[in-house]
S.K.: 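Mind having a look at this structure? Questions to follow.
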Amino acid sequence: MTTKLDQDGQVTERTATLLKERLDSDHKRIDHMFAWLMAVQWLAGVAAALWISPRAWEGEFSHTHIHVWVALFLGGTISGFPIFMALTRPGATLTRHVIAVGQMLSCGLLIHLTGGRIESHFQYFGALAFLAFYRDWRVLLTATVVAATDHFVRGMYWPQSIFGVLVASWWRWLEHAGWIVFEDVFLVLAIRQTLREMLGVAERQAKLETVNEMIERTVNERTSELRREIAERARAEESLRLLGSAVEQSKEAILITDAELQRPGPRILFVNPAFTNMTGYTAEEAIGQTPRILQGPRTDKTVLNRLRHNLQRGESFAGEGINYRKDGTEFNLEWQIAPIRDPGAKVTHFVAIERDITERKRAQEELENIHKQLLEASRRDGMAEIASNVLHNVGNVLNSVNISTNLIAERVRKSKIPGLAKVVDLLEQHAHDLGDFITLDSRGKHLPAHVRDLSECLTADQRAMIGELESLRRNVEHIKEIVAMQQSYATASGVKELINVVELVEDGICINDEGLLRHGVEVVREFEQVPPMNVEKHKILQILVNLLSNAKYACEESQRADKRVTVRVANDEGRAIISVTDNGVGIPLENLTRIFNHGFTTRKGGHGFGLHSGALAAKEMGGALCVHSDGPGHGAIFTLELPCPTQEHPNG
Amino acid sequence: MKKYLPWLSALIWLAAVGSGMGVLWVYDHTPGGDAGVPSQWPARSKMHLASDQPTLIMFAHPKCACTRASIGELAVLMTHCQNRVKAIVVFLRPKGTREDWLHTDLWRSAEAIPGVTAQADEGGGESRNFHVTTSGHVVLYDVDGKLLFSGGITSARGHFGDNAGRSDIVQWLHHENAGTETPVFGCSLLNPVQASNSNTIVCTP
């Protein structure tokens, strides 16, 4: 918005510009006028010379009078330069001063040519009046100076030519010049008055232009705004048309209601064809009704309460539920409702987008069933894997049991007990002379030493067998523990319980302990304290057993001496991180991306579902199973991340 | 340099105009010849000297444009001095010229002045009697035939306005002593041959 100060400054500046333009234009116009006038004066001078003094006489002879040549050439010179200036430099300051001088000189020449008649002096006043057209007092000054100088010089050196007397007073030229000045005074006053009027006109025009400019600017701004508004309206209309078309063509049911939430509830104002297809209600039947016509006995009241609560607070709603068609059949729907607000943020309408999800629900249920079946199968597969490991370990222990049994049998078979029986028979044979036999008989003399040796042997056998029996007992106890552990995990399917992660990991290692030991794999434990977790522990155990078994095979395959498996448990901001790192053969990059695929395996005799079921189980628990390997020969890291929902109820 | 070119041109123009003006001034202010007007009324003159008042004679070329100013000044003079002088304008009619030679606007102007008589000078005899060679030359004789004044009554060639000659004559006619001579500006009454024979100066351009 232009301020008044700016406008005043603008008007002043514009006024000066307009005045200057007007004066420049006038100066040019008057220059051209004087060009014509000077030409006419020249021709008039020539004509006057031809008329007044065409010829000079000498008796009866005559020739062209010098006035004719003077009028032609001197007059041409006097007029020519001002005409040239007026045509080539119109409007220039010098031009009008040259014209002023030329005018005065023309006057002088014409006075000469007219015989110096006193009446011809009036040309000066006429010329000055013409020069006043310039509205420039300086031009009058120049003309006056030229005329005064002419009178002064001629008065000084040839007074009779101008004053008609041989001796004139020194101030006589001043008298003549005074009359010119006298006229100048009036002309200057007139010029000032004219300039004042021109200034007023220019000022009025500048104000008018400023006002016009403001009006024009306002009109332009308003026009631009209107254009923008029209364009925006056109765009809005186009958007509306597209939106309307989209709504009409939409496969989703769309209905718009008013915002009246009091009973009987918001009135339906608009429904699209998809609504009719979904519910059976035509637009005519639905409009004016409330959406309650779609509700029925199995419509979830909880969802409706949440819907009402959200709408009363002006919030959006999204949910699923059961509605009823016009023919009374049920259908599942998913719907979203959003408030529509006016510029004052007041809710004026609600728009609902509804989708029939009956088929999707059915498919989802089927999918869930299949998923459960898959999970169960996976679990069974996992259990089979664990069972296989258990049996493998049990088999190892049974080997020890077998060895122990064989050792005991060998000991028993090689026992000195038959020697003891021979001693007993010998003693019974010499029961009547046992003293003589021991002291006198050669065999009896060796009998005590033999009994002592036999005793020592039997004692040694007893110790050995006790040791073997103890080993046997431990092995049997180990088998018992493994079987009991398998039984405990097998029976825990689907049941969550609060577990200690480190203990669970130890169980996993324990199950693989024999195999790891047998293959010379060192197990390194790096455990941090992790909060108790509420999980299905058999799933974690299933994953751990599988990971440790894989690590064992990877180490064995590498045939390196320092086979090592590092098991880490860490707490990472509320997530339990269990990683199994081996320094085995590693995994090529191309296998990393499909290692969790069902049926993928690189191990001879592998099934390819251990890691797959492990990944599924991890995902089911809200965690993830990841793998990292720097390539063949660099080992691999399998990481199981699990959330720690300790606040959840075990059966929740 | 280009900036000052208009000013330089203006100065050259002023110089050219000044030179032209100078030439014109020289011409306008160059008087005609004076062969010595007789101090007594020439006896050979066929004109009559007035006995009751001075006699003024203006010799004029009927076609001289410059003399128009002299006739005008004579009219002014006669206005001031009516009934104080007998005025005659003698118009030259060279030999061999037609009758209408004399019938010009100057003749008619002279005749129109009250108290002035116009008459022809056939063959220029009267001019020669008074030794006058320049058109516009005025001579004033008193009743005794004594020359009071001889000269022109314009300040320059063909220029109207107050001038010393007219002033002197007015003074003489008011019985005051005044100047007796002024330069005469006008065309020659003699043709070039006559002029060269009379060894007089002719006011030719």
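Residue numbering restarts at 1 for every chain, and letters A, B, ... go by the order of the sequence lines.
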S.K.: Are more than 12 heavy atoms, taken from residues, nucleotides or ligands other than A/F125, located less than 6.0 Å from that residue's CZ atom?
M.R.: yes
S.K.: Side chain from CB out, backbone as N, CA, C, O: work out which of these in B/T154 comes under 4.5 Å of a heavy atom of chain A, or both, or neither.
M.R.: neither
S.K.: Using only atom types and a distance under 3.5 Å, with no angle test, would you say the side chain of B/H61 pairs donor to acceptor with the backbone of A/E58?
M.R.: no
S.K.: Tell me, side chain or backbone of A/L94 under 4.5 Å from chain B's heavy atoms, or both, or neither?
M.R.: side chain
S.K.: Is A/H97 in contact with chain B via its backbone, its side chain, both, or neither, using a 4.5 Å heavy-atom distance?
M.R.: neither
S.K.: Name the region of A/V98, side chain, backbone, both or neither, that has any atom closer than 4.5 Å to a heavy atom of chain B.
M.R.: both
S.K.: Considering heavy atoms only, which positions within residues 66-84 of chain B lie below 4.5 Å of chain A?
M.R.: B/C66, B/R68
S.K.: Taking C-beta and beyond as the side chain, do B/P6 and A/M85 meet within less than 4.5 Å on heavy atoms?
M.R.: yes
S.K.: Does the A/W57 side chain pair with the main chain of B/C64, one donor and one acceptor, at a distance under 3.5 Å?
M.R.: no
S.K.: With salt bridge (Lys or Arg N to Asp or Glu O under 4.0 Å) as the rule and sequence neighbours excluded, what pairs involving residues 186-201 of chain A come up?
M.R.: none
S.K.: Going by residue number, which parts of residues 10-17 of chain B are within reach of chain A, meaning a heavy-atom gap below 4.5 Å?
M.R.: B/A10, B/W13, B/L14, B/A16, B/V17
S.K.: Starting at CZ of B/R157, measure out to NE2 of A/H67 and round the result to the nearest 0.5 Å.
M.R.: 7.5 Å
S.K.: Is the number of heavy atoms from other residues, nucleotides or ligands within 6.0 Å of CD (A/E13) greater than 12?
M.R.: no
S.K.: Locate the shortest heavy-atom distance separating B/M21 from A/L109; write the atom from each residue and the value.
M.R.: CE-N, 4.2 Å
S.K.: Which of the residues A/L105, A/T95, A/V70 is involved in the greatest number of heavy-atom pairs with chain B at under 4.5 angstrom?
M.R.: A/L105
S.K.: Count the heavy-atom pairs under 4.5 Å between each of B/L92, B/L189, B/V23, B/L24 and chain A, then report the option with the highest count.
M.R.: B/L24
S.K.: Select all residues of residues 95-126 of chain B having any heavy atom within less than 4.5 Å of some heavy atom of chain A, and report them by number, or 'none'.
M.R.: B/T97, B/W101
